[in-house]
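A quick write-up on the structure given underneath.
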Amino acid sequence: MASVPFTKPLLATLIAAAAGACTAAVPAAPASPDLVRRQAQVDKIVGDISPQRIEAHVRKLVGFKTRHTMSDTVSDTVGIGAARRWIKAELERCGAAAGGRLQVSFDSHVAPVSARISRPTEIVNVVATLPGTQAASKERIYVVSGHYDSRNTDIMDATGDSPGANDDASGTAAVMEMACVMARHQFDATIVFMAVAAEEQGLLGAAHWAEQARLKNLNLQGMFTNDIIGSSRAEDGRVDDRQVRLFAESIPATRENSESNRALLATGGENDSTSRQLARHVKEVGERYVPGFTVNVIQRRDRYLRGGDHMPFLERGFAALRFTEPNEDFAHQHQNVRKEGAMQYGDLPEFNDYNYIAKVARVNAAALATLSLAPAAPQKVQMRTAKLENDSSLVWQANGEPDLAGYRIVWRDTTAAQWQGALFVGNVTEATVKLSKDNYFFGVQAVDKDGNVSVATYPMPLR
């Protein structure tokens with residue numbers, strides 16, 4: 001049996017109980033791969049993330065004076081046009097240096113006049129795609145983004161200096177750094193690194209890409225946005241550089257629930273949405289590869305009644321999360337640069353903590369790497385309900401990856417946020433655990449021969 005480092009002593013008893021009480025549809029399961037070791041490739045990626053390069057990218061973006069969505073697109077030194085051309089050129093440069101596998105392009109559309117767009121405006125995302133190399137996994141996609149546009153107090157001010165060092169040059173620089181570092185490596189699945197536009201004008205760039213992904217029926221299994229990840233200092237001066245907030249939605253607030261969401265509600269699985277499952281993976285892996293740093297999962301879609309570029313993905317049914325610093329300083333966000341007495345306002349680069357941004361980027365990179373190396377999450381996972389029993393019998397559809405080692409059942413108490421117990425059951429498609437489905441939540445993960453573990457899939461009732 002292999003278990004993840006869960007809390008004790010409560011689950012020590014549960015794991016011991018389940019270890020001798022799990023039956024499968026085939027003979028005894030083989031020994032599990034090592035599922036908790038740190039892998040050399042991921043350690044290398046995490047270690048190569050550079051705060052110095054991130055700072056240089058932030059300062060370069062700030063140097064364009066304004067990156068407002070409706071700012072200058074002709075100048076080579078000022079405005080959003082110059083910024084996006086530089087981002088594209090920089091990604092092309094580091095992609096070429098890494099062997100040429102990073103595919104960089106613009107993704108554009110024209111936004112019509114709206115509340116925050118005074119004239120038809122071209123919205124341009126910069127998209128860098130690192131194709132997966134395993135035939136069974138390359139169509140599976142993970143996306144990470146930051147938005148490169150900026151704003152002043154007046155959302156329609158397209159000419160005034162708007163440095164946007166934290167909101168969101170910090171996220172854009174982190175994504176660029178991840179792309180340049182990870183382009184040197186190969187992954188089973190595909191990773192898309194995006195600098196998106198017009199977040200401040202209504203999430204327009206992200207919404208366009210997400211809608212195209214929906215229309216193309218892309219196998220998009222996870223999306224992260226990094227927005228306001230620059231500062232470790234709160235407005236009252238407190239410094240907290242040891243955690244990041246990760247916002248994860250439960251059941252979406254839609255007029256009508258889908259069949260899957262109704263099943264979650266019917267079985268008490270409101271905390272087992274695909275986004276919450278993705279967040280569990282990010283927390284476990286991020287804290288493993290960035291010791292001493294906490295991924296603080298916030299069980300909300302975003303900050304209270306606020307939003308970001310993950311929301312268009314959520315609205316189209318994709319799992320999506322938002323990374324944000326622990327405490328925002330609103331004197332340095334959406335403010336014209338000015339000084340009032342001793343108080344400096346404005347989103348300036350000196351207020352960023354570049355070592356902190358690097359830590360957040362490392363969590364992102366570790367999560368993306370492990371997700372893209374692991375098998376896909378198991379499909380059609382179901383809990384047998386044909387008879388009343390105190391055991392829990394799960395069935396699922398077999399994965400197709402050639403390096404699959406088998407599957408792991410995970411469980412937690414109904415009041416727990418993270419998985420607390422785990423049992424590797426081998427390469428089978430059915431297993432029974434002597435723990436009651438009345439008392440615990442379960443999931444099934446796929447495991448490859450190198451010990452890479454998928455996101456867990458919550459079982460739906462098999463009637």
Side-chain angles (χ1 to χ4, degrees), residues 54-88 90 108 110-126 145-174 176 195-206 225-231 233 235 303 306-309 324-325 328-352 354 357:
I54 289 171
E55 180 174 3
H57 289 340
V58 168
R59 292 188 180 277
K60 179 68 175 181
L61 288 164
V62 169
F64 293 112
K65 304 297 184 184
T66 179
R67 304 185 307 279
H68 189 279
T69 298
M70 293 183 291
S71 62
D72 194 322
T73 60
V74 177
S75 170
D76 288 330
T77 58
V78 175
I80 196 165
R84 68 192 178 218
R85 290 190 292 274
W86 172 77
I87 294 169
K88 183 172 183 283
E90 183 64 17
S108 71
V110 175
V113 174
S114 62
R116 293 188 175 188
I117 297 287
S118 61
R119 54 178 167 76
T121 301
E122 186 181 24
I123 310 300
V124 183
N125 301 321
V126 188
S145 80
H147 72 86
Y148 70 97
D149 59 306
S150 64
R151 63 164 288 181
N152 276 327
T153 305
D154 178 0
I155 190 61
M156 305 304 285
D157 178 4
T159 58
D161 283 3
S162 176
N166 190 1
D167 185 15
D168 185 35
S170 66
T172 300
M176 292 175 68
V196 299
E199 190 271 351
E200 303 290 6
Q201 310 312 118
L203 317 178
L204 302 181
T225 192
N226 289 267
D227 194 352
I228 313 176
I229 60 166
S231 178
R233 185 180 294 273
E235 59 188 357
R303 299 146 305 158
R306 298 170 70 192
D309 285 317
T324 296
E325 66 199 26
E328 297 172 70
D329 186 340
F330 300 108
H332 303 149
Q333 185 182 130
H334 297 181
Q335 293 280 353
N336 287 55
V337 177
R338 66 192 188 281
K339 199 164 186 179
E340 296 181 2
M343 184 65 185
Q344 177 67 62
Y345 289 86
D347 192 353
L348 298 167
E350 55 262 38
F351 297 127
N352 280 348
Y354 297 97
I357 300 172

Check the pair Gln201, Ile155 against side-chain contact (heavy atoms from CB on, under 4.5 Å), reporting the backbone distance first and the verdict last. CA-CA 8 Å; Gln201 310 312 118; Ile155 190 61; 3.6 Å; yes

State which residues pass salt bridge (charged side-chain N to carboxylate O under 4.0 Å, His left out) with Asp149; sequence neighbours excluded, sorted by chain then number. none

Do Ile87 and Leu61 have side-chain heavy atoms sitting under 4.5 Å apart? yes

From CA spacing to verdict: side chain to side chain donor-acceptor pair (under 3.5 Å), Asp167, His147: CA-CA 8 Å; Asp167 185 15; His147 72 86; 3.0 Å; yes

So, taking the atom named CD in Gln335 and the one named OG in Ser162, what distance separates them when rounded to the nearest 0.5 Å? 11.0 Å

Is there a donor-acceptor pair under 3.5 Å between the side chain of Ser150 and the backbone N or O of Thr66? no

Please examine the side chains of His57 and Trp86, heavy atoms only from C-beta on, and report whether any two atoms are closer than 4.5 Å. yes

Atom pair CG/CG of Asp309 and Asp168 - distance to nearest 0.5 Å: 8.0 Å

Quick check: closest heavy atoms across Ala111 and Ile123, and the distance to 0.1 Å? CB-CG1, 3.7 Å

Looking only at heavy atoms, what is the nearest atom pair of Ala173 and Val58, with distance? CB-CG2, 3.7 Å

Results of side chain to side chain donor-acceptor pair (under 3.5 Å) for Glu122 - residues two or more places apart only: Ser108

What pair of heavy atoms forms the shortest contact from Tyr148 to Ala83, and how long is it? CD1-CB, 4.3 Å

Asn226 CG to Ile357 CD1 distance, which is reported to the nearest 0.5 Å: 10.0 Å

Quick one: closest heavy-atom pair of Met343 and Ala331, and the distance? CE-CB, 3.2 Å

Spatial distance of atom CZ (Arg151) from atom NE2 (His68) [nearest 0.5 Å]: 8.0 Å

Has the side chain of Arg84 got a donor or acceptor atom that lies under 3.5 Å from a matching backbone atom of Val124? no

What's the separation between atom CD1 in Ile228 and atom OG in Ser170, rounded to the nearest 0.5 Å? 7.5 Å

One should read off an interatomic distance between Glu55 CD and Asn352 CG, to the nearest 0.5 angstrom, of 8.5 Å

Quick one: side-chain contact (heavy atoms from CB on, under 4.5 Å) partners of Lys65, sequence neighbours excluded? Val78, Asp161

State, to 0.1 Å, how close Pro349 and Tyr354 come at their nearest heavy-atom pair, and which atoms those are. O-OH, 2.8 Å

Taking the side chain as every heavy atom from C-beta outward, state whether Val337 and Gln344 have any pair of such atoms under 4.5 Å apart. yes

My understanding is that only residues two or more places apart in sequence, or in another chain, count here; which of them pass side-chain contact (heavy atoms from CB on, under 4.5 Å) with Ser231? Asn166, Arg233, Glu325

Please examine the side chains of Ile117 and Leu204, heavy atoms only from C-beta on, and report whether any two atoms are closer than 4.5 Å. yes

Residues in ring pair (Phe, Tyr, Trp, His ring centres under 6.0 Å) contact with Phe351, at least two apart in sequence or another chain: His332

Test side-chain contact (heavy atoms from CB on, under 4.5 Å) on Met70 and Ile80 and set out the steps. CA-CA 8 Å; Met70 293 183 291; Ile80 196 165; over 6 Å; no

Between Asp154 (side chain) and Met156 (backbone), is there a donor-acceptor pair under 3.5 Å? yes

Taking all atoms of both residues into account, what is the closest heavy-atom pair of Ser118 and Val113, and its distance? O-CG2, 3.8 Å

What residue pairs, at least two apart or across chains, pass side-chain hydrogen bond (donor to acceptor under 3.5 Å, both in side chains) with a residue in residues 69-79? Ser75-Thr77

One thing to verify: whether Glu328 and Arg303 come together as a salt bridge, which I'm taking to mean a side-chain N less than 4.0 angstrom from a carboxylate O. yes

